[in-house]
There are 2 protein chains.
Amino acid sequence: MSKTTLVSLAESLGVSRQTVSNVINAPHRVKPETRMRVQHAIVESGYRPSAAARQLRTRRSMNFGIRMMPVVDGINGSILDRFLHALTEAAQEEGYRVTLFCADTDAGEIRQYEELLKVADLDGFVLTGTHHGDHRTAWLLEHGIPFAAFGRPWSSIEDPFGSLHPWVDVDGGAGTEQATRTLIEQGHTAVGFLGWPGGSGAGDDRRAGWARAMRAAKLPTDSLDIQADDGVPAGAQGAEQLASKGATAVVCASDSLALGALAKLRQLHPEQASPALIGFDDTPVAAAVGLSSVSQPTEDAARHIVAVLAHQLAGSSSPHGDEEPAPERHLLLPPTLIQRTPYSFSSST
Amino acid sequence: MSKTTLVSLAESLGVSRQTVSNVINAPHRVKPETRMRVQHAIVESGYRPSAAARQLRTRRSMNFGIRMMPVVDGINGSILDRFLHALTEAAQEEGYRVTLFCADTDAGEIRQYEELLKVADLDGFVLTGTHHGDHRTAWLLEHGIPFAAFGRPWSSIEDPFGSLHPWVDVDGGAGTEQATRTLIEQGHTAVGFLGWPGGSGAGDDRRAGWARAMRAAKLPTDSLDIQADDGVPAGAQGAEQLASKGATAVVCASDSLALGALAKLRQLHPEQASPALIGFDDTPVAAAVGLSSVSQPTEDAARHIVAVLAHQLAGSSSPHGDEEPAPERHLLLPPTLIQRTPYSFSSST
DNA sequence: TTACAGAATATGAACGTTCAAATAGTGTTG
DNA sequence: CAACACTATTTGAACGTTCATATTCTGTAA
């Protein structure tokens, strides 16, 4: 039971290796009858073409890379898990594999690109955590390396849809806007926003969504906008400030902040079991404590990223008539508001 | 600036390809003078050997696979992030790459093994989530595929150190034991255990640690042992039961359970800002809410797994005198108790 | 029947590396 | 100085594909 190869399989069938190869890569070139016969033998023998040999010849590895960011907070980073899983799954379905790599900085990431392109012949990359002044996209574009980003090109945010590279992102602003609107509809007139200091792209976007909803309802936003570094303690502190300014409801830029706010609001208003509070990212923690949160369609985003990347890769090798319709190169997905009632831990449970 | 290859580099130096190859793979065979010259040229040109060509010839890909488990809870799963990051980093340092793959079931995982071995020529695998009646290890052993597991072989738990395959695990029992002891030293005599239903390997192990500490202190364990499915609500419920049985402190099998317990205990004893409570896994949530927790040395585990796997892979190709001392094939790492004071969210913050 | 076009299949070469074996170089020794 | 034992370097072949081209087959028209 030695290894099946193109040649050994061809010999045992009395055809040439190229015919077997064609059955796999260009079935239309083979007479239906032979094709069937070969296909049957392929299944029978469990033959799989060697990626290495194929890669050596075609210079394509059917493999793309994604960087593991250094673990920071983890509470928000945990959505990466879902993303990575969905990405791997989608890639697998399209016949691609996902290779991980580490880098501490963007510069380090670029160095890894060079390395991986030469050594492993990666076909492309998936970028996450795009930000202002991101050098990675420029480098990749310049070198003509296929890639797709999870995150808008914040550097040229005036016209993200005119961007040269494909990206997929979640419309955070629409999420906070909806969250705010929901709270307003529930009767709140002083909805505070608890977000990060300005300058962080995603953070500003989420803040803008809140402001839009407030303006649309002709409600004042003055002094209801708190800037706090991400984290539970800062969330508690911010919630306290907002409460003192008269806010009766709070929209947060992250679940970490919301978690702190939840604890603080409960402390301030013990009579009120379910504070009017909405977090962001729908992390496991939010689900765990029953916190309403804006949920990003991570799976959809991952799937689309793979689609865009795969289309780009396939397109470059066979520039003839398109079979598949080209997936959108720039896609802004709407998030979903997950409404929950915080667990009251009442004795009746 | 066309691609540098072994041949092009050799030509420009006036040596043969094999000499350059030797400088890379067996430097001792090359005269120091030539070696220097070649090494310099390699750096100069930024030459990197093609993984595909190498793999085709040597049948080794310097690549191992790890499965992305379906996302379940997430609150505990988030330690996977840290593990994966550390694994990738360690692998990278040893010259290996990490390929992800998905499977819903163990059987699916085995199917992927077959596929990946044939197609991508993966050199080995890292297993996570070992459990009773795990078929994966048997399959891999049977087929002679190198692998290392994160998790003891629970199926043959009588003699884990006699196991045929290498594994690394964290001594959960030692963790809960230490946690319990710490609480006892603080004066508690009725320390409850809030864990999962029996039969889950890791869960039983953690329960046993608690029981050991209690027995050692000659304290009764009757009715202080609660079995609950993982999750925040179940944690709250369990904590309430324990409180009604007179427990003044609680050790939990997971942070999810502890999080629920924390909320419940605060509700039951509002005067007591910091309930005597210890969780497990030191997840980001625990850090966020200031919950004491047993921390697994995930990074060390990952690093050791890579070491064992790399040693196994290197060993099989060069069975001569060992340079590196062989890393332990079976390793039980002690966890660390991280003590924290739950955030009180007091106005003074 | 012959010639010819088009479909179907087969053959040689190449991708970039390492292995195995051959050749050239360098002292050492009788 | 010839024979030898090493060390250092080179050469041919092979890994398993796909590309480009060549060959064979089949049917149709002259």
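Residue numbers start from 1 in every chain, and the chains themselves are labelled A, B, ... in the order their sequence lines are given, proteins ahead of strands. Here the structure is a predicted model, which is why all the values come from computation and not from measurement.
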Checking A:Glu109 against A:Tyr113: is there a side-chain donor and acceptor pair closer than 3.5 Å? yes
Roughly, in whole Å, what's the span from CG in B:Leu56 to P in C:dT18? 11 Å
With a 6.0 Å cut-off on the ring centroids, do A:Phe125 and A:Trp139 count as close? no
Describe the nucleic acid contact of A:Ser50 in one word from base, sugar-phosphate, nothing, applying a heavy-atom distance below 4.0 Å. sugar-phosphate
To the nearest angstrom, how far is B:His28 atom NE2 from D:dT7 atom P? 10 Å
For the backbone of B:Val30 and the side chain of B:Arg35, can you confirm whether one donor and one acceptor N or O come within less than 3.5 Å of each other? yes
I want to confirm an ordering. Mapping A:Tyr47 and B:Thr34 to their closest nucleotides on DNA chain D, which one lands closer to the 5' end? B:Thr34
Pair A:Asp106 + A:Arg67, salt bridge at N-O below 4.0 Å: yes
Side chain of B:Lys31 only, please: which of C:dT18, D:dA8, D:dT11 is the nearest? D:dA8
Rounding to a whole Å, what distance do you find between A:Glu33:CD and C:dT9:P? 9 Å
Classify the ring geometry of B:Phe150 against B:Phe83: parallel below 30°, tilted from 30° to 60°, perpendicular beyond 60°. parallel
Out of C:dG16, C:dT17, D:dT10, which nucleotide sits closest to the side chain of B:Thr19? D:dT10
Once you round it to whole Å, what is the distance between C1' of D:dG16 and CG of B:Asp121? 10 Å
Side-chain N or O of A:Arg29 closer than 4.0 Å to phosphate OP1/OP2 of C:dA8: no
Interatomic distance, A:Arg60 CZ vs D:dT17 C1' [rounded to whole Å]: 14 Å
May I ask you to verify if any side-chain N or O of B:Arg57 is less than 4.0 angstrom from the OP1 or OP2 atom of D:dA14? no
Can you measure B:Glu11 atom CD to D:dT11 atom C1' for me and round it to whole angstrom units? 14 Å
Quick one: A:Asn22 CG to C:dT11 P, roughly how many Å, whole number? 14 Å
Residue met sooner reading DNA chain D from 5', once B:Arg17 and A:Ala53 are mapped to nucleotides: B:Arg17
C:dT17, OP1 or OP2 - any side-chain N/O from B:Thr5 closer than 4.0 Å? yes
Does any donor atom in the side chain of A:Arg97 or B:Thr99 lie under 3.5 Å from an acceptor atom in the other side chain? no
Does the side chain of A:Arg59 get closer than 4.0 angstrom to OP1 or OP2 of C:dG16 through an N or O atom? yes
Between its two end axes (five pairs each) the helix from C:dT1-D:dA30 to C:dG30-D:dC1 turns, nearest 10 degrees, through 70°
Establish, with yes or no, whether the OP1 or OP2 oxygen of C:dT18 is under 4.0 angstrom from a side-chain nitrogen or oxygen of B:Ser21. yes
Centres of the A:His330 and A:Trp167 rings: under 6.0 Å? yes
Rounded off to whole Å, could you give me the CD-to-C1' distance for the A:Gln18 and C:dA7 pair? 15 Å
